[in-house]
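Some notes on the structure that comes next.
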Amino acid sequence: MAMFSLAIRARAKANPLLTRRALHFRNFCNGRFGLSTSESNPPDRPVAGTKFLESFKEEFEIGSRVISLETGKIARFANGAVVLGMEETKVLSTVAAAKGDAVRDFLPLTVDYQEKQFAQGLIPNTFMRREGAPKERELLCGRLIDRPIRPLFSAGFYHEIQVMASVLSSDGKQDPDVLAANATSAALMLSDIPWGGPIGVVRIGRICGQFIVNPTMDELSLSDLNLVYACTRDKTLMIDVQAREITEKDLEAGLRLAHPEAVKYLEPQIRLAAKAGKQKKEYKLSMVSEQFFEKVRKLAEAPIDAVFTDPSYGKFERGEALEKITQDVKSALGEECDEQSLKVLPKVVDTVRKKVVRKRIISDGFRLDGRHLDEVRPIYCEAGHLPILHGSALFNRGDTQVLCTVTLGAPQDAQRLDSLVGPPTKRFMLHYSFPPFCIDEIGKRAGLNRREVGHGTLAEKALLAVLPPEDDFPYTVRINSEVMASDGSTSMATVCGGSMALMDAGIPLQEHVAGVSVGLVTDVDPESGEITEYRILTDILGLEDHLGDMDFKIAGTRNGVTAIQLDIKPAGIPLDIICESLDPARKGRLQILDHMEQEISVPRNQDDRNSPRLVTLKFSNDAIRRFIGPLGALKRKIEEETGARISVGDGTITIAAKNQAVMEKVQDKVDFIVGREIVVGGIYKGIVMSIKEYGAFVEFNGGQQGLLHISELSHEPVSRVSDVVSVGQQISLMCIGQDVRGNIKLSRKATLPRPESETKSVVEGSAPVTKEKPNIWASPENMSKGEQLESTLEELVPSKMENTESNRSASLMPSVVIRSAAECDEEEKSAGLSKTSKSAPKPKGTLKKGSKQKKIQSSDNMPDLSLSIMLSESLSRMGGNQEVTSQDEGEANLSDQNDKETVGNTPVTPQKLKLGTKVTAKIYQIRARGLVLDLGGGIRGMYKYESNGEREFTVGDELLVQCSSFTSKGIPVMSMVDEE
């Protein structure tokens, strides 16, 4: 054996193509190799045959779209399975029935709808990268399927049924919920489960007054109506509506259009069931004998009638009396009936109770609590029940009580949606909660509840129609509805309470929204099954809902309907009766709206300092980047220090604070980091950066610096600056203007209260102070390119002789030149300012108090005049001699050098470049709005195209220009000089 192994290795080494398969080796379970015993020419192995999957398909057209029903290809073991497709959207629906005959008194029908991300070619963005618990939309779609199919199961059919609908693929054009409902109907038709279908479900939209059948998602976004309608051939089963204040007349027209369109789904299902359907199975029905029912009726009918004819009974008193009747009947029949009959006894007593109530309402026209058929229960409204919250309201209708609260959030608080269709986020949320104590029961609070999600979504759709547009109100809104007591129609009470809470929060609603539930009691011919007589009930009780045939919830404003939800118990109701119910619902809604408007009719103004605040600030993207800081560290630090929530959008910063004090604290931090528009007279907070003999330099408004002169520190005389302020101290300041060089002048004493002695010593005959429009200029970070190119010099001509301080305030430049303290010191040295002592001589070019100003002649041949000389010249021309005093050494001075700057090729230095300086510049770069000029000496300037002049420029051309102004960053702005 060893020699054989060596021979094999030698052959494999000599021929690398020799493989283990060629030597007929095989693997054993212990991992060793052995020689295959198969023959050199094995016989032909059997080839797998081709399986034939017999499938059946039906195609039809509804609303200009082709729809297909297919069965037999996939999910072949299910009791019934159908794939319904519309374009590239395909939905699989399967049904199955449990084996065995368990004794129950209800139908355990479960509908599960699921949207997996593979249907749109995505991987779930979760930690496990797989779908988890059902989302809200999946629960809502499951309810949409459940509501129309449940009434069509036979009475007494209590076998467990499970429906599973899954989206196989989605192109995003069609909502799969309606497709899943129709596919479920077809699957039930194919199964052996006894069911009274088929049904048809259709969606109707309306754009510009024109109804659209099966609208796409893009069309739905433009539509003012989203109507889902389900029916059999001649009766309505379910209605679900979301609208933008559509009138009852238009709504009725949409319903009558939807019925024949939905009927078109029935024939294809019948044809498919004829081809591939199963024989219906005989299931055991939980029925009671006529003899047993008559025994129970004789014992329970009279006591039940006595309870219902007494209007003094409340909800719980009535319930206790009816429970006592059931126990009495059980005691009376305990010896005569078997164990199985006693288990269904409560159901039989409930049937007797239903017959007694329905007979009394139809024959006498009176209800359980003594109201008339169209009467609304007493209403109590209270807005602002919890003042510290953003908004709150308490709403009572009869014994039903709901507490609604509103919470405002930043745009980033919007809910993220992972659905296959629809928007990715939702900024308005309404969460409905039905705790057990509201009906005096005990229970556990688990996760999402289908009933709570459905009721909350209905109220959410009703209120969504009156919310302001997102552009006008970009905040996230959450309503919490806590049911405090339930005796019918808590979802419609949520609509009323939510509307008042929104107005209490100051949200500008277009209209109040109210809702009411309408019920129906019918008398049916037992032979034909047709309705012979009926009564419509407005604002039904919980027991009337349980014993009646219909729960028709309608919400809307005075102008029209915003939401509808119809649920029924019998196997369909004629559409004429449903349309007739719209009018009493409108009358009841108007009565409720009157009470709500008496409590609060306009949005409340939030002027309380303890109420929460939301502010949206607009900044440039560069400023927002400075505010966020590296990796968002600065933003997070502010949130941790203040407790506020800050969200950043495209050019906006939204701040949500608990109260006004927190809001002011956050705004101060934002202003200090980012800065805001500087306004003469505006109050700012800054930090003292350095102290000079003549004042202090203060950093404020996002890194800008201004001069706080010693004379502006206090109303009292100040000998030393350090006696009042110190380096690093934070102080409040007012912007009082600019000096001649564009430096911002600040005042501390302007923010302090004026002493009484000074306020009383007003000189009689003084000229009245004229209130001028404040000069506003933007910070350098927030200036656009157009603003930087449009900086021009305004003509400053005072109307009359005013004091020196008034003239300085009137001589503001339209843009700000920001300089640090070191730059100012350098400018002072270059201008010849002396700062060695307080008794230093006045700067050159200024006149002492009492002396007369040197007259300066105006000439076009003086291009080197600074702005101060030009102001002095204008004052001389209009009023003769004017006294000019120097306020301090820190402000700009008048130069006594009036020499002309050389015009030509002489290099220009920053010290020589002043307003009016003429230079010959070369075109350095051509931009869309102007030119970049090379002024020489490494200095760049800019020139903005004139609106009236069109001229072609070439890089390198020489132009004669003069300095007309400076931008906020110190860039000279040049203007063209006509060559003589």
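The analysis underlying the following values was restricted to heavy atoms, covering all of them including side chains, and did not include hydrogens, waters or symmetry mates. The structure displayed is predicted, hence computed values, not measured ones.
Residues forming a salt bridge (charged side-chain N to carboxylate O under 4.0 Å, His left out) with Arg940 (at least two apart in sequence, or on another chain): Asp934. Qualifying ring-ring contact (aromatic ring centres under 6.0 Å, His included) partners for Tyr924, counting only residues two or more places apart in sequence or in other chains: none. Taking the salt bridge (charged side-chain N to carboxylate O under 4.0 Å, His left out) definition, one finds that Arg427 meets it with nothing, sequence neighbours left out. With sequence neighbours left out, the salt bridge (charged side-chain N to carboxylate O under 4.0 Å, His left out) criterion links Lys669 to Glu641. Evaluation of the ring-ring contact (aromatic ring centres under 6.0 Å, His included) rule for Phe627 yields no partner, not counting sequence neighbours. Residues passing the side-chain contact (heavy atoms from CB on, under 4.5 Å) test with Asp957, sequence neighbours excluded: Ile923, Thr954.
To the nearest 0.5 Å, atom OG of residue Ser747 and atom CG of residue Leu707 are 11.0 Å apart. For the atom pair CD1 of Ile691 and CE of Met689, the computed distance is 11.5 Å after rounding to the nearest 0.5 Å. Taking OG1 of Thr616 as the start and OH of Tyr475 as the end, the distance is 3.5 Å to the nearest 0.5 Å. For the atom pair OG1 (Thr476) and CD (Glu470), the distance works out to 8.0 Å, reported to the nearest 0.5 Å. Atoms CD1 and CZ, from Ile673 and Phe619 in turn, are 10.0 Å apart once rounded to the nearest 0.5 Å.
Looking at every heavy atom in both residues, Ile926 comes nearest to Phe953 through CD1-O, 3.5 Å. Annotation for Phe697 and Lys692: closest pair CE1-CG, 3.9 Å, computed over non-hydrogen atoms. The shortest non-hydrogen separation linking Ala414 to Thr425 is CB-CB, 4.3 Å. The heavy-atom pair separating Val721 from Ala696 by the smallest distance is CG1-CB, 4.2 Å. For Ile123 against Gln117, the heavy-atom pair with the smallest separation is C-CB, 4.5 Å. Contact detail for Glu219 and Ile207: the closest heavy-atom pair is O-CD1, 3.5 Å.
Distance alone, capped at 3.5 Å, is enough to place a donor-acceptor pair between the Ser964 side chain and the Val973 backbone.
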Decide yes or no on salt bridge (charged side-chain N to carboxylate O under 4.0 Å, His left out) for Lys173 and Asp218, but give the supporting numbers first. CA-CA 7 Å; Lys173 296 180 182 179; Asp218 293 337; over 6 Å; no
Derivation and outcome, salt bridge (charged side-chain N to carboxylate O under 4.0 Å, His left out), residues Lys635 and Glu639: CA-CA 6 Å; Lys635 170 178 168 290; Glu639 290 178 330; 3.4 Å; yes
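Thr920 places none of its side-chain heavy atoms less than 4.5 Å from the side chain of Leu959.
Considering Lys685, Lys745, Arg748 as possible partners of Leu733, the one that fulfils the side-chain contact (heavy atoms from CB on, under 4.5 Å) test is Arg748.
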